[in-house]
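Position 1 is the first residue of the sequence; numbering continues from there.
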Amino acid sequence: MDNKPKPMIKSSFTARHPVIVNLAIIIAVAALGIWIVYFSIALFTRHGQTDKVPGVENMTYTQAIEVLHDHGFKVDIRDSLYKDDVKPGFVIEQFPKANSIVKPGRKIFLYINAVHPKEVVIDDDNHPMEDALRSFSYRSAMAKLQELGFKNIKIVKVLGDNECVAKVTANGATVKKMQKVPVNAKIVMHVYDGRLGAITDSLMGEEALANYRAGQYNGYDADYDNDGGSDYSTGSSSAESTQSSESESSSSSSGSEEESIEFF
């Protein structure tokens, strides 16, 4: 029988240090993944590549799209506005601005002037048969019209007992509640001038004075009693009594040489 001892087999580094080996593998895989992600981002974002945005403001919508597409940009209409000094369908504003340095192929936002002006409701009270803004105060009505975007507003004063709105017209037509009106319409706001009460009082005073004078000229004299009423007596009786007294006076002084007459 062979009793010789078996030689010891040297173990490898992997077998002796499994933790270190696994950690090294993890680090290598993570580094490879980071490099792949970085390369992918640079590829898709075109890292280091730039382009200049062309100016397309004051161009038509179709012209602006053609210019931007020729430079490799995408186009998106962000909003549609309306300005009187810009032709309908033209570009009012762009973002990013002209000559901006951006990534190639990015999206350019355009703001286009609308073909038709914006329409708004002046008075949203749900009574469509009534006039818009009627009985509103002048200040509140003016503030509301300006807030809605109206710029061509004319004020016309009409006779009334307060300073409220009588009616509002747009391009010559009376505006009703819940009615839409274009913001570029010519607005005329008819406002009471607050002079009706004073004029009425003045007219009543003139009428009363005219009636009083007419009564005097017609031979009437008005005596107002305590109850506020008036008792009119004709001047004919007083004239008759005056005439009779004058006749008596003349008969009594017929023999005298001088005659004295007094006028009251």
More than 12 heavy atoms of other residues, nucleotides or ligands under 6.0 Å from CZ of Phe90: yes or no?
yes

Any chain of hydrophobic side-chain contacts (each under 4.5 Å) joining Val175 to Ile155?
yes

Can you see which heavy atom on Gly55 is nearest to which on Ala98, and at what distance?
CA-CB, 3.4 Å

Between CG on residue Leu145 and CD1 on residue Ile153, distance to nearest 0.5 Å:
4.5 Å

Taking Ala166's backbone N and O only, do any of them form a donor-acceptor pair with Arg134's side chain (distance below 3.5 Å, no angle check)?
yes

Would you kindly confirm whether Leu159 and Val165 end up in one hydrophobic cluster when ILVMFWY residues are joined by side chain heavy atoms under 4.5 Å apart?
no

Residue pair Ala64 / Leu110: nearest heavy atoms and the distance that separates them
CB-CD1, 4.0 Å

Please determine whether the number of non-hydrogen atoms from other residues, nucleotides or ligands lying under 6.0 Å from atom NZ of Lys97 exceeds 12.
yes

I'd like to know if Ile34 and Ile26 are part of one continuous hydrophobic network [Ile/Leu/Val/Met/Phe/Trp/Tyr, side-chain heavy atoms within less than 4.5 Å].
no

Are the side chain of Lys144 and the backbone of Ile122 linked by a donor-acceptor contact shorter than 3.5 Å?
yes

Is a side-chain N or O of Gln94 found less than 3.5 angstrom from the main chain of Pro54, in a donor-acceptor match?
yes

Measure across Met178 and Asp124 and return the closest heavy-atom pair with its distance rounded to 0.1 Å.
SD-O, 3.1 Å

Looking only at heavy atoms, the pair that brings Asp193 and Arg195 closest together is OD2-NE, 3.0 Å

Quick one, Asp131 and Lys176 - any side-chain contact, counting heavy atoms below 4.5 Å?
yes

Going by an N to O cut-off under 4.0 Å, is there a salt bridge joining Lys177 and Asp125?
yes

Salt bridge Arg139-Glu163, side-chain N to carboxylate O under 4.0 Å
no

Find the distance between OG1 (Thr60) and NZ (Lys87) and round it off to the nearest 0.5 Å.
10.5 Å

Going only through I, L, V, M, F, W and Y residues with side-chain contacts under 4.5 Å, is there a path from Tyr138 to Phe150?
yes

Is any side-chain heavy atom of Asp123 closer than 4.5 Å to a side-chain heavy atom of Glu130?
no

Tell me if a side-chain donor or acceptor on Asp161 pairs with a main-chain N or O of Leu196 at a distance below 3.5 Å.
no

Within 6.0 angstrom of Lys157 NZ, more than 12 heavy atoms from elsewhere:
yes

Let me know which of Asn152, Asn171, Val181, Leu148 forms a side chain to side chain contact (heavy atoms under 4.5 Å, CB included) with Ile187.
Val181

Distance from Met129 atom CE to His127 atom NE2, nearest 0.5 Å?
12.0 Å

Measuring from Cys164:SG to Phe136:CZ, what's the distance to the nearest 0.5 Å?
10.0 Å

Which heavy atom in Arg78 sits nearest to a heavy atom in Phe109, and how many Å separate them?
NH2-CE2, 2.8 Å

Show the nearest heavy-atom pair for residues Pro96 and Arg106, with the distance to one decimal.
CG-NH1, 3.6 Å

Atom OG in Ser137, atom OH in Tyr192: separation rounded to 0.5 Å?
14.0 Å

Which distance, rounded to the nearest 0.5 Å, do you find between the CD1 of Ile77 and the CD1 of Ile112?
4.0 Å

Consider only side-chain heavy atoms of I, L, V, M, F, W and Y, link residues closer than 4.5 Å, and tell whether Leu133 and Met142 are in one cluster.
yes

Are His190 and Val168 close enough that some pair of their side-chain heavy atoms sits under 4.5 Å apart?
no

Using a 4.5 Å cut-off on heavy atoms from C-beta on, say whether the side chain of His69 contacts that of Val75.
yes

